[in-house]
S.K.: 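Shown below is the structure under consideration.
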Amino acid sequence: MWMKIQSARGTRDFYPEDMAFRQWLVERWREASRRAGFVEVDGPELESLELYTDKSGPEIAEQLYWLEDKSGRKLALRPEFTPTLARMIAARQAALPEPIRWFNVSRCFRYERAQKGRLREFFQWNIDLVGVEGEIGDAECISIAVDALKNVGLTPADVQVKVNDRRLLGALVRHLGIAEERVPQVFAILDKRAKVPPEALAVMLAEAGLESAQREGLERILAWQGLGDIEARELATSEIHAAVEALNRLFAHLEHYGIAEWCRFDIGIVRGLAYYTGPVWEVHDLKGEFRAIFGGGRYDRLLGDMGGKAMPACGFGCGDVVLGLLLEERGLRPAAEPAADCFVLREKPDWPEMLKAVRFLRGMGLRTQFDLKEGRLKRQHEKALESGARFKVILGEAPWPRARIIDSRAAADGAMKERVADLAPDDPEALKNLKVFLGVGAS
RNA sequence: GUGGGCGUAGCUCAGUUGGUUAGAGCAUCGGGUUGUGGUCCCGAGGGUCGGGGGUUCGAAUCCCCUCGUCCACCCCA
C-alpha cells in the first residue's frame with residue numbers, strides 16, 4: 001500500500017542520475033561564488049511565519065507552506081532565503097566587516113500551482129553583497145552570475161542578462177505625469193509586457209487611469225533597444241539624467257569585467273518585487289522558451305525595513321529548475337561520473353584474499369567495488385564494465401599478493417595498459433610504482 | 001484557486017466500433033553461447049491499465065469524482 005503513495009505535488013525524487021546532476025549544478029554555483037571570494041552561509045528551513053508576513057503582509061501566508069508546532073507557534077518552510085539573510089545580518093551587523101560577501105544554496109518551498117519550471121520544492125542559489133553602494137556592486141553580482149552561466153557551459157548565444165534600473169523607469173513614468181501612487185501599479189503592468197499582447201497591455205494601462213498621451217509615451221519608451229535610443233527630450237529632468245548616468249556607469253563596469261556581450265539594456269525589465277530600488281536584471285534564454293533563470297537587483301532599503309540598520313545591498317537568486325530544463329534542452333546536462341575507480345575480480349571465491357585487496361585499494365583512497373553477489377568471472381567482468389571503473393584488479397591467476405591490473409583508459413598508442421604487480425608491497429619502490437600506475441598521488 | 005489536455009510495466013509506447021488469461025522494445029533478474037568480456041540465444045519477474053465510484057452481460061476503452069502531470073489564467077520573493 002505504501003507504494004501507491006506518490007510524491008507530493010510539485011516535489012521531485014532524486015534518483016542517482018538526478019542527484020548527480022543536482023550536485024554538479026550546485027558545485028558550479030559554489031565555484032562561481034568562491035571565485036569571487038564569497039562565503040557560504042545557511043539558516044533554518046523552518047522560520048517563524050512572521051518573518052514573511054511582516055515583510056509582505058498576511059496574504060503571503062497563502063503562498064507558502066506553514067504549520068503550527070506542538071506549542072502553537074506558527075512556522076513556515078522558507079520560500080526564499082533573503083529574509084533569513086536579513087535576520088542573520090541584523091543580529092550581527094555591528095560585528096560584520098563590510099562589504100558582506102555571502103552566498104547560500106537553500107531548499108525552498110512555495111505553495112503554488114506547479115508548472116513547468118516552477119515547482120513547490122526547489123533549490124535556490126543566492127548571492128548577496130551588502131555594504132556596497134555604487135554600481136560596482138551590481139556589476140560584481142552580474143559578473144558572478146555570468147561566471148556561473150559559463151561554468152555550466154552556456155554562451156551568449158544561449159542566454160542574455162537583461163539590465164534595467166528602476167530609478168530610470170520611475171523617473172520616466174513620473175516625467176510622463178503619472179501620479180506617484182500609480183507607479184507601483186504601472187510597474188506591475190509593465191512587468192507583464194512579455195507575456196501579454198500589446199493591445200491587452202494598452203487596455204490594462206487605460207484601466208489604470210493613464211491618459212492616451214501617457215500610454216503613447218510608455219509605448220515609445222518600451223520600444224527602446226538601447227540606452228542610445230533615449231532621445232534628448234526624455235533627458236529633460238535631472239532625475240532621468242542621473243539614472244541614465246548610473247546605468248552608463250554600470251555598463252562601463254560590465255565592459256571591464258569582459259562580459260558586455262552577455263548583457264544588454266532592456267527597459268522592460270521591472271521585476272515583480274516591490275523592494276528593488278535601483279538596477280534590476282534577469283537572465284533569459286535567447287529563444288524565450290523558459291521563464292527567467294536569474295533575477296537580481298539592488299535593494300538598499302530592505303535590511304533597514306526588516307528592522308536592522310539601513311545598509312545598501314544587491315544580489316540575485318537562481319533556481320535549479322529552469323536552469324536544469326535549459327541545460328537539458330541544450331544537451332549540456334553532463335553524464336554522471338562512475339562511482340568506482342577500481343573493480344576487484346577473482347574466479348574462485350576467496351573472500352579473505354578479495355577483502356585484503358579491497359582494503360588495500362580503499363586504503364589508498366581508491367573507490368573500490370567488487371561483485372557482492374558472487375557471480376562467475378564473466379559476470380564479474382560485465383559488472384566491472386558497468387561500474388565504469390577505470391581499473392580492473394584480477395586476483396587468483398597467480399598466488400596472492402600477485403594481481404593483474406588492467407587500465408581501461410587507452411594509452412597514447414591505443415593499447416590497453418596492463419601490468420602484473422603485488423598488492424600491498426613492502427618494498428617502497430614497488431609501492432611507488434604501483435601508485436603511479438593507479439594514478440594515486442605519492443604520499 | 002479557475003479553465004482545458006494528458007495518465008497502460010522502471011522508461012518509450014501499441015491496444016481496432018466496449019468483447020477471452022492486457023502486449024512490444026529497452027531496462028532488470030536468471031540460464032546458456034562467445035577466445036579478456038558491452039555480442040548472440042533462451043527464459044523469468046514486473047501492470048487490480050493513476051485511484052474510487054457508476055453505466056453495461058462485459059470497461060484500459062463510456063460517465064462522474066479524485067490524485068498526479070502539462071498548458072493558459074492568478075501569482076511569482
Side-chain angles (χ1 to χ4, degrees), chain A residues 1 3-13 15-18 47 51-57 59-65 76-86 104 106 108-120 122 124-126 128 187-189 191-192 194-197 200 204 270-276 280 282 289-297 299 302 305-306 315-319 321-322 325 343 345 347 371 373-389 391-394 396-397 404-408 415-418 420:
Chain A
M1 68 168 209
M3 44 197 218
K4 287 169 113 176
I5 299 172
Q6 298 170 306
S7 61
R9 180 179 236 173
T11 65
R12 291 166 290 172
D13 292 323
Y15 288 91
E17 321 80 76
D18 311 309
E47 287 276 13
L51 185 65
Y52 308 106
T53 52
D54 281 2
K55 178 183 124 196
S56 311
E59 322 81 62
I60 197 76
E62 296 302 312
Q63 291 163 54
L64 42 81
Y65 280 93
L77 291 173
R78 62 182 169 196
E80 58 167 332
F81 184 68
T82 305
T84 300
L85 174 103
N104 167 257
S106 49
C108 297
F109 300 84
R110 291 178 188 174
Y111 191 81
E112 55 188 359
R113 197 83 155 108
Q115 275 183 51
K116 190 173 189 176
R118 206 173 144 197
L119 301 175
R120 289 181 167 186
F122 55 95
Q124 187 166 283
W125 172 38
N126 273 276
D128 289 283
F187 276 16
I189 295 169
D191 194 34
K192 297 189 203 308
K195 305 176 66 178
V196 189
M204 290 163 82
V270 184
R271 305 285 300 146
L273 263 185
Y275 63 57
Y276 288 111
V280 284
E282 292 176 352
E289 283 176 76
F290 302 97
R291 56 183 78 236
I293 303 160
F294 286 70
Y299 38 93
L302 182 68
D305 289 348
M306 299 261 325
F316 64 81
C318 171
V321 183
V322 178
L325 286 170
F343 200 100
L345 310 81
E347 174 68 87
D371 183 16
K373 294 181 73 173
E374 306 183 53
R376 290 164 51 182
L377 191 60
K378 159 167 171 67
R379 186 73 187 116
Q380 294 183 37
H381 276 291
E382 286 170 6
K383 294 212 173 153
L385 196 64
E386 283 162 13
S387 77
F391 297 102
K392 285 201 272 198
V393 178
I394 304 167
E397 292 178 352
R404 192 153 56 91
I405 305 172
I406 300 170
D407 180 351
S408 67
M416 286 260 211
K417 286 183 284 184
E418 139 168 15
V420 175

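The sequence lines fix the lettering, A, B, ..., with proteins before strands; numbering per chain opens at 1.
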S.K.: Rounded to whole Å, please give me the gap between CD in A/Glu17 and P in B/A27.
M.R.: 15 Å
S.K.: Could you work out the separation of B/A27 and B/G10 based on their P atoms and round it to a whole Å?
M.R.: 16 Å
S.K.: Between B/C71, B/G30, B/C76, which nucleotide has the shortest distance from any of its atoms to the side chain of A/Arg379?
M.R.: B/G30
S.K.: Say we look at B/G50 and B/G68: how far apart would their P atoms be, to the nearest angstrom?
M.R.: 16 Å
S.K.: Can you find a heavy atom in the side chain of A/Asp305 that is under 4.5 Å from one in the side chain of A/Tyr275?
M.R.: no
S.K.: In whole angstroms, how far is the C1' atom of B/A27 from the CD atom of A/Glu386?
M.R.: 11 Å
S.K.: Using the C1' atoms only, state how far B/A59 lies from B/U17, rounded to an integer number of Å.
M.R.: 14 Å
S.K.: How far does the P atom of B/C6 sit from the matching atom of B/U16, given to the nearest Å?
M.R.: 16 Å
S.K.: Please state the C1' separation for the pair B/A60 and B/G15 - nearest whole angstrom.
M.R.: 8 Å
S.K.: Scan every strand shown for a Watson-Crick or G-U wobble partner of B/C74, both distances under 3.5 Å, and answer none if you come up empty.
M.R.: none
S.K.: Over how many whole Å does the gap from A/Glu289 atom CD to B/C70 atom C1' extend?
M.R.: 16 Å
S.K.: Taking atom P in both B/G45 and B/A24, what distance in whole Å separates the two?
M.R.: 12 Å
S.K.: How far does the P atom of B/A22 sit from the matching atom of B/G5, given to the nearest Å?
M.R.: 29 Å
S.K.: Round to the nearest Å and state the distance from A/Glu382 atom CD to B/U34 atom P.
M.R.: 14 Å
S.K.: Using a heavy-atom cut-off of under 4.0 Å over every strand shown, decide if A/Gln63 touches base, sugar-phosphate, or nothing.
M.R.: base
S.K.: As a test of reading the structure: which of B/U34, B/C76, B/C29 is closest to the side chain of A/Lys378, going by heavy atoms?
M.R.: B/U34
S.K.: When you look at OH of A/Tyr111, are more than 12 heavy atoms from neighbouring residues, nucleotides or ligands closer to it than 6.0 Å?
M.R.: no
S.K.: More 5' along RNA chain B: A/Glu112 or A/Leu119, using each one's nearest nucleotide?
M.R.: A/Leu119
S.K.: To the nearest angstrom, how far is A/Lys373 atom NZ from B/G31 atom P?
M.R.: 10 Å
S.K.: Considering only the P atoms, how many Å lie between B/C76 and B/G18, rounded to the nearest integer?
M.R.: 48 Å
S.K.: Is the shortest heavy-atom distance from the side chain of A/Glu397 to the side chain of A/Val420 under 4.5 Å?
M.R.: no
S.K.: Rounded to the nearest 0.5 Å, how far does CD of A/Glu80 lie from CZ of A/Arg110?
M.R.: 6.5 Å
S.K.: B/U69, B/C74, B/C70: which one has an atom nearest the side-chain heavy atoms of A/Arg9?
M.R.: B/U69
S.K.: Which whole-number value in Å describes the distance from A/Ile189 CD1 to B/C75 P?
M.R.: 11 Å
S.K.: Describe the nucleic acid contact of A/Gly10 in one word from base, sugar-phosphate, nothing, applying a heavy-atom distance below 4.0 Å.
M.R.: sugar-phosphate
S.K.: Under 3.5 Å for both donor-acceptor distances, Watson-Crick or wobble: does B/G43 have a partner, and if so which one?
M.R.: B/C29
S.K.: Considering heavy-atom distances to RNA chain B, does A/Tyr111 or A/Glu397 have its closest nucleotide positioned more toward the 5' end?
M.R.: A/Tyr111
S.K.: Measure from CZ on A/Arg120 to C1' on B/C67 and round the result to the nearest Å.
M.R.: 12 Å
S.K.: OP1 or OP2 of B/U69 versus the side-chain N and O atoms of A/Gln115: is any pair under 4.0 Å?
M.R.: no
S.K.: Expressed as a whole number of angstroms, how long is the span from A/Arg110:CZ to B/C76:P?
M.R.: 11 Å
S.K.: Nearest to the side chain of A/Arg118, which nucleotide is it out of B/C75, B/C29, B/C70?
M.R.: B/C75
S.K.: Measure the shortest side-chain to side-chain distance between A/Val270 and A/Val280 over non-hydrogen atoms and say whether it is less than 4.5 angstrom.
M.R.: no
S.K.: Is any side-chain heavy atom of A/Leu302 closer than 4.5 Å to one of A/Thr82?
M.R.: yes
S.K.: May I ask you to verify if any side-chain N or O of A/Arg376 is less than 4.0 angstrom from the OP1 or OP2 atom of B/G32?
M.R.: yes
S.K.: Counting only Watson-Crick pairs (N1-N3 plus N6-O4 or O6-N4) and G-U wobbles (N1-O2, O6-N3), all under 3.5 Å, who is the partner of B/G68?
M.R.: B/C6
S.K.: Less than 4.0 angstrom from a charged side-chain N to a carboxylate O is my criterion; do A/Arg379 and A/Glu382 meet it?
M.R.: yes
S.K.: Looking for any heavy atom pair under 4.0 Å, which part of the strands does A/Ile60 touch: base, sugar-phosphate only, or nothing?
M.R.: base
S.K.: Among B/G3, B/U33, B/G30, find the nucleotide with the atom closest to the side chain of A/Arg113.
M.R.: B/G3
S.K.: Could you please name the partner base of B/A24, counting Watson-Crick and G-U wobble pairs only when both distances are under 3.5 Å?
M.R.: B/U12
